[in-house]
There are 2 protein chains.
Amino acid sequence: MAKCSINKNTRQHQLSRYLNEDPFLTDDDLSRIFGVSIQTIRLDRFDLHIPELRERLKNVARGGNRQLRTMDGGELVGDLVDLDIGNSGISILPVTPAMTLNKTSVARGHHIFAQANSLAVAVIDAGAALTGSARVSYKRPVYCGEKILAKAVIKIKKGNKYMVKVTSEVKDEIVFKGKFLVFALQEEGVSQ
Amino acid sequence: MAKCSINKNTRQHQLSRYLNEDPFLTDDDLSRIFGVSIQTIRLDRFDLHIPELRERLKNVARGGNRQLRTMDGGELVGDLVDLDIGNSGISILPVTPAMTLNKTSVARGHHIFAQANSLAVAVIDAGAALTGSARVSYKRPVYCGEKILAKAVIKIKKGNKYMVKVTSEVKDEIVFKGKFLVFALQEEGVSQ
DNA sequence: ACTATTCTTGGTACCAGGTACTAATTTTTT
DNA sequence: AAAAAATTAGTACCTGGTACCAAGAATAGT
């Protein structure tokens, strides 16, 4: 029972590792990988208390679901790549399938707006800022997979009011332009 | 075809929202929810290019981990409470802590924009529509816990171009106004 | 060498949640 | 009343399994 047992144990060990790295593997995939029958794989999974593919995917999907909800991590939509507070800022937003319309692979407008708006607010030198009004135009559709580079520049400052211009581009082609009137909130929590 | 078309369209809209919120729903679940046959649900999914449960879970499992949703994910931001396609629509968006600025409990502008924009697009009688430009203004801050009621009305229609006015209120007080110029995409699936 | 035990494999019936297709029926429009 | 659109019904088939049973192969203990 030694030799065989070792084989079995190592196989189960590896199987466990394989599935940890790639929960998408079917029993059929695994039977090919290890060169054993599909039944053997099933018995292995049973021994290791590893559920079937669909259950595994459900678990992964559920686990991911919980983290969702909160929205892009922070205050900003997109990744900040440059920020000169009080003057200008640049952010990049990769367009994922989740941002597109169902039927097409075109990014929905409010995502592009969100990137621009949050960047406009971020460049303001204040603890918090609010958008008062905006005038925006979409120059061409943005497709799934493209990366939107937004540049915000403060054009006018009057007291706690700012006029910020944002231009969004994909590969040097302008896809969106917006003018944002933003108010700085100077009260309470300017904090850190 | 009008009345029926509306029913079908609203159902498909809601179906899309349901699945965006909970990709774990089976066709059977959905057929119970909407009180239609399972075949109708399948046809709806087909129209909307929504893949089957397992594919959806694979997608969530694959992408869900990292490429979170930037915003609420659904076709529509907020809950659709009334939709007269080609004319008007109403949606409600409860403001959650996740939508507010760090220090204050004020909703960030792009969420309010997103509700209005997605509603403006939803009232268009076409398979898909894109925002061309928008002019918006924020009348007063909206606080966490409040519910934003957005009303969209199509004002002008010229070919595939629409002008949609959206007014958002909290308890009869106007908090946001927007004018959206929206283009219908007439290709393929303008649905029936 | 022979048996007992473990390991592996094969086969069958069954299930969920579908796809793909055809046809009939109901509803709505004209 | 006829035509078109929407819905429902039904069938065959698919994947990736479960659950179970029986047969065959490998190995250990004596």
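What's counted below: heavy atoms across the whole structure, side chains too, no hydrogens, waters or symmetry copies. Each chain gets a letter, A, B and so on, in the order its sequence line appears, and its residues count up from 1.
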Whether each nucleotide of nucleotides 13-18 of chain C has a protein heavy atom under 4.0 Å at its base (B), only at its sugar-phosphate (S) or at neither (-) is summarised, 5' to 3', as ---BBS
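Residue pairs that meet the ring pair (Phe, Tyr, Trp, His ring centres under 6.0 Å) test with at least one member in residues 148-180 of chain A, sequence neighbours left out, are A:F113-A:F180, A:Y138-A:F176.
Taking 4.5 Å as the limit, some side-chain heavy atom of A:I50 sits within range of a side-chain heavy atom of A:L19. For the pair A:H110/B:H110, no side-chain contact is recorded, criterion being any heavy-atom separation below 4.5 Å from C-beta on.
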Check step by step if side-chain hydrogen bond (donor to acceptor under 3.5 Å, both in side chains) holds for B:K139 and B:S137.
-> CA-CA 6 Å; B:K139 302 304 183 187; B:S137 69; 3.0 Å; yes
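Distance CZ (B:R11) to C1' (C:dT27): 13 Å, rounded to an integer number of Å. Per the geometry, CZ belonging to A:F34 stands 16 Å off C1' belonging to C:dC7, to the nearest Å. Regarding A:F24, its CZ atom lies at a distance of 17 Å from the C1' atom of D:dG17, rounded to whole Å. Between the CD atom of A:E55 and the P atom of D:dG17 there is a distance of 11 Å, given to the nearest Å. Atoms CG (B:L30) and P (D:dT7) sit 15 Å apart, rounded to a whole Å.
At least one donor-acceptor pair closer than 3.5 Å links the side chain of B:Q115 to the backbone N or O of B:I148.
Listed by chain and number, the residues in a side chain to side chain donor-acceptor pair (under 3.5 Å) with A:Q14 amount to none (sequence neighbours excluded).
The residue B:I38 sits apart from the nucleic acid: no heavy atom pair falls under 4.0 Å.
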